[in-house]
Amino acid sequence: GLYLTNDMTNLLRLPISFKSRLKRRSYRHIVLAVYDKSLGWGALGISRRSTLMYKPMKFPTLSALVQDYQESYRESWHELLAVYCALPFTHNSHSDVPIKWKALRLACEGIDVA
């Protein structure tokens, strides 16, 4: 997703990673959140579950996008433990600026969206 959107300089792009638990096993998943002023927030990702990958650019806030993922995890019987937001990616494909993968951690244990 990052490579495919590199020339779309109107997009803000940042990775969001999720940590979830099903039974006693932990799982990690990452998506590329994308934002356009006129369309809103959406995401690109890969998953066996269709509800945990692509999200259309229709969400007014990043929070609304994350809440939609949280609901999707709940529907997949996963307990969402944490969400990590990174800093936005540059559009310079030759940049050597280090990526800050975990700039913000949102603890989700005990939060119910239902």
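Note: hydrogens, waters and symmetry copies are ignored here, and every other heavy atom, side chains too, is used.
A donor-acceptor pair under 3.5 Å is absent between the side-chain atoms of S76 and the main chain of H78, judged by distance alone. With hydrogens and angles ignored, the 3.5 Å screen pairs a side-chain donor or acceptor of T61 with a backbone N or O of A64.
Test L4, N6, N10 against M8 for side-chain contact (heavy atoms from CB on, under 4.5 Å) and you get one pass: N10.
In terms of heavy-atom proximity, L14 sits nearest to F89 at CA-CD1, 4.5 Å. Annotation for D36 and S38: closest pair OD2-OG, 2.6 Å, computed over non-hydrogen atoms. Contact between Y54 and P56 at its shortest, heavy atoms only, is OH-CA, 3.4 Å. Considering every non-hydrogen atom in both H91 and L11, the closest pair reads NE2-O, 2.8 Å.
Between the NZ atom in K58 and the CG atom in L65 there is a gap of 10.5 Å [rounded to 0.5 Å]. Summarising the geometry, atom CD belonging to Q70 is positioned 9.5 Å from atom CZ belonging to R74; distances are rounded to the nearest 0.5 Å. Note: L32 CG to K55 NZ = 15.0 Å, rounded to the nearest 0.5 Å.
Summarising the local packing, CG of D7 is surrounded by 12 or fewer heavy atoms from other residues, nucleotides or ligands at distances under 6.0 Å.
Cluster membership check: Y84 does not share its hydrophobic cluster with L87, using side-chain heavy-atom separations under 4.5 Å among Ile, Leu, Val, Met, Phe, Trp and Tyr.
Under the side chain to side chain donor-acceptor pair (under 3.5 Å) criterion, Y35 pairs with no residue at all, not counting sequence neighbours. Take T90 and apply the side chain to side chain donor-acceptor pair (under 3.5 Å) test, not counting sequence neighbours, and it matches no residue.
Put simply, the side chain of L12 reaches to within 4.5 Å of the side chain of W41, judged on heavy atoms.
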Can you list, pair by pair, the side-chain donor-acceptor contacts under 3.5 Å of residues 22-31, counting residues two or more places apart and other chains?
| unit_1 | atom_1 | unit_2 | atom_2 | d |
| --- | --- | --- | --- | --- |
| H29 | ND1 | Y73 | OH | 3.0 |
| H29 | NE2 | I46 | O | 3.2 |
| H29 | NE2 | L52 | O | 3.2 |

